[in-house]
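Read the structure below first, then the notes.
If you're wondering where the values come from, they're calculated on a predicted model, not measured in any experiment. For the numbers below, each heavy atom of this structure counts, side chains included, while hydrogens, waters and symmetry mates do not.
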Amino acid sequence: MSELPDHLNEWAVLWSRVRGAGPAANGSAVFVPAEADDSEARTQAQEGGLPLLGDYLFLTAATAEIAAAHSLPENAQVASAPMEDYDVAEISVFDHPVGGGRISVGEQAAVIGNLRFETAQDRDAYEPALLATLAEEAFLHGARTLILIVDPDEADRFLASGWTAAGRVLSFGQA
């Protein structure tokens, strides 16, 4: 996305919020653009005594596109609530929770995270609707870009549904 540089100053704070993590006292996360080499970041972290804790894909999508992509299945209900640093949404079927997630909305972008589902079948059935629900919340708050940071082995299903790989996030810190 051409707007991505405008959002880079807020993604780490928003990502920390949806993960329920405070500011890292002995660590950091580094955004590496899709076509860039990450060797300098790895070297600096190693010199500082910070081992690599995670290597994730940084995905982006237009908020309006994800919000409009899927509707909630007829037999499901969604509940959402604002928390201090993020909003939560949970999907249930006949009062049984099947999945949920968090979103933290900044001035220009929103980060979705902490996606969880009871089973792989629930993820397949309800993830698109959960993402649409969270995206609608971001859209209503004025965020035009969504950010989703995922493990590389999860990326294919998001890339197939309209998300774009904008880069990688390397997380360094004390284990």
Side-chain angles (χ1 to χ4, degrees), residues 1-38 40-42 44-45 50-67 69-70 83 85-90 99-117 120 123-124 126-139 141 143-175:
M1 297 192 124
S2 61
E3 309 166 348
L4 185 59
D6 295 336
H7 308 310
L8 290 180
N9 61 346
E10 66 184 354
W11 74 267
V13 171
L14 299 174
W15 186 44
S16 176
R17 289 178 183 168
V18 298
R19 291 182 358 210
N26 293 319
S28 64
V30 178
F31 172 78
V32 180
E35 303 301 321
D37 180 10
D38 65 11
E40 183 178 342
R42 290 176 184 266
Q44 287 179 355
L50 298 174
L52 180 67
L53 298 178
D55 187 345
Y56 308 98
L57 286 181
F58 187 102
L59 307 178
T60 61
T63 304
E65 290 176 21
I66 299 298
H70 297 279
M83 306 304 277
D85 290 332
Y86 54 84
D87 292 350
V88 296
E90 182 177 88
R102 297 177 180 175
I103 188 164
S104 187
V105 182
E107 290 184 26
Q108 301 174 32
V111 175
I112 293 174
N114 201 33
L115 298 175
R116 65 203 179 291
F117 295 92
R123 186 195 71 217
D124 293 343
Y126 301 107
E127 185 174 68
L130 178 63
L131 291 171
T133 298
L134 293 168
E136 183 176 352
E137 184 71 23
F139 185 80
H141 284 88
R144 299 296 178 246
T145 300
L146 292 175
I147 297 169
L148 181 62
I149 299 169
V150 300
D151 288 322
D153 60 344
E154 297 178 324
D156 287 344
R157 74 176 186 270
F158 296 107
L159 295 172
S161 63
W163 293 82
T164 301
R168 293 182 20 245
V169 173
L170 303 178
S171 177
F172 301 98
Q174 301 301 325

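Closest approach of Ala41 to Leu170, counting heavy atoms only: CB-CD1, 4.5 Å. Nearest heavy-atom pair, Ala67 versus Ala135, reported as atom, atom and distance to 0.1 Å: N-CB, 3.6 Å. Heavy-atom minimum distance, Glu127 versus Phe158: OE2-CZ, 3.6 Å. Heavy atoms only, all atoms of each residue included: Leu134 and Leu115 are closest at CD1-CD2, 4.2 Å. Minimum interatomic distance between Leu148 and Ile112 (heavy atoms only, all atoms of both residues): CD1-O, 3.3 Å. In terms of heavy atoms, Ala109 sits closest to Leu14 at O-CD1, 3.6 Å.
Both tests pass for Arg144 against the ring of Phe139: distance under 6.0 Å to the centre and angle within 45° of the axis.
The distance from the CG atom of Asn114 to the OH atom of Tyr86 is 7.5 Å, given to the nearest 0.5 Å. Atom CG of Asp87 is separated from atom CD of Glu137 by 4.5 Å, given to the nearest 0.5 angstrom. How far CH2 of Trp15 is from CD1 of Ile149: 5.0 Å, rounded to the nearest 0.5 Å. Note that CZ of Phe31 is 8.0 Å distant from CH2 of Trp11, once rounded to the nearest 0.5 Å. Note that the CG atom of Leu146 and the OG1 atom of Thr164 stand 11.5 Å from one another [nearest 0.5 Å].
Looking only at side-chain heavy atoms (C-beta outward), Val150 and Trp163 stay at 4.5 Å or farther from each other. In this structure the side chain of Gln44 never reaches within 4.5 angstrom of the side chain of Val30, judged on heavy atoms. Proximity of Arg168 to Leu57: side-chain heavy atoms (C-beta onward) are separated by under 4.5 Å at one or more points. For the pair Asp55/Arg42, a side-chain contact is recorded, criterion being any heavy-atom separation below 4.5 Å from C-beta on. Side-chain contact between Leu53 and Phe172: absent, with no pair of heavy atoms (C-beta onward) separated by less than 4.5 Å.
The residue from Glu10, Met83, Arg17 that alone fulfils the side-chain contact (heavy atoms from CB on, under 4.5 Å) condition with Ser104 is Arg17.
Under the side chain to side chain contact (heavy atoms under 4.5 Å, CB included) criterion, Ala143 pairs with Val105, Ala110, Ala138, sequence neighbours left out.
Surrounding CD of Glu65 are at most 12 heavy atoms belonging to other residues, nucleotides or ligands under 6.0 Å away.
A salt bridge is absent between Arg102 and Asp85; no separation between the charged side-chain nitrogens and carboxylate oxygens falls under 4.0 Å.
A donor-acceptor pair is defined here as one N or O able to donate and one able to accept, closer than 3.5 Å; such a pair exists between the side chain of Thr63 and the backbone of Thr145. A distance-only check finds no donor-acceptor pair linking the side chain of Ser16 to the backbone of Ala12 [under 3.5 Å].
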